[in-house]
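Written below as structure tokens is the structure these notes are about.
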Amino acid sequence: MAETTSDTAIKKHGLDGGSEDETVAAVENGIVVNHSGYKDQLKRQYGLLGIAGIALTVDNAWVALGSSISVSILNGGPSGLIFGLIVALFYYTFIGLGLSEFASSVPTAGGVYHWATIAGGPKYGRFLGFVTGWINFYGWMFDLSALVQITANISVNMYVIYHKDTYVHEPWHVYIAYLLVLWICAGMVIFANRLLPHTQNLGMFFVVVGGIVTIIVLAAMPKQHASNHFVWNSFDENNLTGWQPGVAFLLGVLNGAFTVGTPEPDAITHIAEELPHPRRDLPIAIALQIGLGFLYAFCFAIVLCYAITDLAILQGGINTYPLVDIYLQATADGQGNQNLGATFGLLFIIWCASMLCCIGTTLTNSRIYWALARDKAVPLSSLFSQVNEKLSCPIPATLFVAIVATGIGAIPLGSEVAFLNLAGSFIILTTVSYAIPFGANILTGRRHFPKGPFHLGKFGMPVNILAVLFITLFDIFYCFPYAMPTNAEIMNYNSVILAGVVFITGAWWLLHARKHYPGPKVMALYVHEDGHVLQAAASTGPAGEGQMVGEKKG
């Protein structure tokens with residue numbers, strides 16, 4: 001059969017995964033566009049080490065486990081914590097495999113937003129991509145707020161360690177720390193972009209080396225250890241949720257999901273346009289994020305649980321920070337005297353890792369909103385799509401993210417369960433944004449994506465199907481009330497948050513985007529009709545900045 005023009009265009013420009021330059025999607029008359037369909041505007045300053053540093057720093061798995069342990073402390077104690085983590089790893093592995101395949105095929109800053117567009121094909125891609133992009137952005141905003149609040153809580157508790165007798169807790173103390181952490185991170189992303197690879201490498205040091213130090217201290221320093229029964233077989237006696245054991249365990253997997261997926265595995269995919277080898281490096285970094293993150297979190301969880309000597313004082317509520325009390329128990333001497341210096345040192349390791357994690361997450365959020373604005377999917381797109389190329393930063397998008405996070409951070413001032421709702425909702429929203437491209441890819445027979453260096457082949461369909469099934473199952477459970485009986489004060493509002501996000505996104509689509517949103521430019525590069533590219537990635541004239549090759553001016 002004769003080769004078509006579209007087939008030639010695919011091979012010429014590397015859309016089949018065979019391009020020598022992984023950053024090039026199309027070239028015509030000397031103008032190069034990336035896989036998003038745009039000329040590069042950000043510096044490709046991250047190598048494999050740098051992107052691995054971001055992956056491990058923003059994942060921050062063992063820190064996330066310790067900081068959200070208040071969930072599993074109520075859902076079966078240590079047993080619920082450890083086994084819930086294993087279950088979370090199992091189903092997040094399918095998510096990571098699917099995202100790795102997408103990233104290796106089409107590495108763009110839009111991530112799942114662009115992949116849903118491509119998977120949906122010419123008929124549904126524009127709508128599915130729009131919905132996915134907004135759901136993903138909302139999820140990441142709640143994630144950023146949760147992570148900054150964790151860091152703010154750690155900051156306050158570092159002060160409290162030496163002032164326990166005189167300190168009186170007020171919720172606004174945490175909020176002030178929250179604002180300081182958030183705006184320091186925003187300032188770093190805007191004004192110190194060239195230093196960010198180094199900060200994330202430093203973050204990787206605190207996550208990896210700091211994790212080893214913390215695990216050794218917690219294993220060696222306690223004068224008294226918990227029993228094997230308490231750590232591995234005390235689920236029923238420590239299930240304080242009011243739910244039956246099976247339901248209580250599945251609800252407690254939220255802690256494992258918060259650990260393995262904080263932030264979610266798509267974090268580094270949004271920095272694809274700042275990598276010289278995105279097709280090769282992104283799948284490796286995602287594997288490191290999930291695999292190494294779990295290993296550290298699992299070891300940390302075990303030594304942490306053996307260090308607990310009094311579980312009762314840790315069960316003070318779902319919006320507490322019990323890690324401080326565990327550290328105090330673990331570092332106490334034989335007479336029960338607390339070692340404040342050792343506790344402070346352990347918290348300082350977590351604070352450094354968390355602070356650098358917040359910087360990386362702010363970076364990711366700004367890139368997500370910028371990618372949406374660049375494709376005209378947000379209000380005032382012309383403003384938020386602007387990039388200061390000298391600073392290599394989309395400043396308006398970064399400021400917008402920081403302002404929205406400032407407002408979200410005030411929610412815990414009026415609600416005891418706000419932190420847990422934020423944590424749960426970001427997991428639900430981001431995983432829903434993964435399920436959409438996975439599901440669309442299944443329904444379209446996986447025919448719209450070119451093969452990248454990492455390709456699942458015959459395993460692709462079952463991996464995508466299992467990812468969608470697990471996401472659906474656990475997201476339903478994450479909407480259950482945390483404890484029974486429940487009331488309006490301690491109710492789980494994750495389902496309300498999801499419905500609200502979908503409603504707002506749908507309203508914006510109907511009122512504006514349905515007629516005025518053109519769809520991302522990846523459609524012209526990758527969306528196929530009957531096996532062929534809709535528009536060949538070529539043009540008869542030079543393309544200008546921000547114009548995709550193949551798109552006419554005017």
Side-chain angles (χ1 to χ4, degrees), residues 64-88 90-91 142 146 149-150 153 171 226-227 229-262 301 304-305 308-326 411-412 414-429 431 470-499:
L65 180 139
S67 299
S68 62
I69 196 174
S70 55
V71 180
S72 289
I73 285 297
L74 302 177
N75 288 74
S79 304
L81 174 71
I82 294 172
F83 291 112
L85 181 61
I86 295 173
V87 171
F90 179 73
Y91 83 85
F142 292 136
Q149 185 168 341
I150 286 174
N153 261 310
S227 66
H229 170 79
F230 174 76
V231 174
W232 300 102
N233 298 300
S234 63
F235 182 90
D236 288 337
E237 60 204 68
N238 290 312
N239 174 18
L240 304 181
T241 63
W243 288 105
Q244 293 297 315
V247 176
F249 175 76
L250 291 174
L251 294 178
V253 174
L254 176 62
N255 180 267
F258 190 80
T259 299
V260 177
T262 308
L304 192 67
C305 292
I308 297 173
T309 56
D310 183 4
L311 186 61
I313 67 171
L314 307 180
Q315 298 172 332
I318 59 177
N319 196 31
T320 59
Y321 195 76
L323 189 61
V324 175
D325 292 311
I326 299 177
I411 294 175
S415 172
E416 186 183 77
V417 298
F419 171 73
L420 196 55
N421 276 309
L422 288 174
S425 64
F426 102 73
I427 290 171
I428 291 172
L429 290 170
T431 52
F470 281 124
I471 289 170
T472 303
L473 171 67
F474 282 100
D475 281 358
I476 290 173
F477 275 106
Y478 296 159
C479 290
F480 281 28
Y482 303 116
M484 292 296 289
T486 190
N487 55 52
E489 213 172 279
I490 63 170
M491 181 61 185
N492 182 345
Y493 293 99
N494 287 334
S495 58
V496 177
I497 294 172
L498 175 61

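The structure presented is a predicted model; accordingly, all values stated were derived computationally and were not measured.
Remark: Ala301 engages Leu65, Leu81, Ile82 in a side chain to side chain contact (heavy atoms under 4.5 Å, CB included) (not counting sequence neighbours). Legend: residues meeting side chain to side chain contact (heavy atoms under 4.5 Å, CB included) with Val247, ordered by chain and number and at least two apart, are Trp243, Leu251, Phe477, Phe480. With sequence neighbours excluded, the residues that form a side chain to side chain donor-acceptor pair (under 3.5 Å) with Asn492 are Tyr482, Asn494.
The minimum heavy-atom distance linking Ala248 with Asn75 is given by the pair O-ND2, 2.8 Å. The nearest pair of heavy atoms linking Phe230 to Cys305 is CE2-O, 3.8 Å. Of all the heavy atoms in Gly84 and Val253, the pair that sits closest is O-CG1, 3.9 Å. Nearest heavy-atom pair, Leu323 versus Gly66, reported as atom, atom and distance to 0.1 Å: CB-O, 3.6 Å.
Going from atom CG of Asn238 over to atom CG of Asn233 covers 11.5 Å, rounded to the nearest 0.5 Å. Note that the OG1 atom of Thr431 and the CZ atom of Phe426 stand 9.5 Å from one another [nearest 0.5 Å]. Rounded to the nearest 0.5 angstrom, Ile471 CD1 and Ile476 CD1 are separated by 12.0 Å. In this structure, CD in Gln149 is found 13.0 Å from CZ in Phe142, a value given to the nearest 0.5 Å. Put simply, CD1 on Ile308 and CD1 on Ile326 are 4.0 Å apart, with the number rounded to the nearest 0.5 Å. Rounded to the nearest 0.5 Å, atoms CD1 (Ile150) and CG (Asn153) are 8.0 Å apart.
In this structure, Ser79 contributes its side chain and Ser234 its backbone to a donor-acceptor pair below 3.5 Å.
Considering only heavy atoms from C-beta on, Asn255 stays 4.5 Å or farther from Leu85 through its side chain.
A ring-centre distance under 6.0 Å is found for Phe474 and Tyr91.
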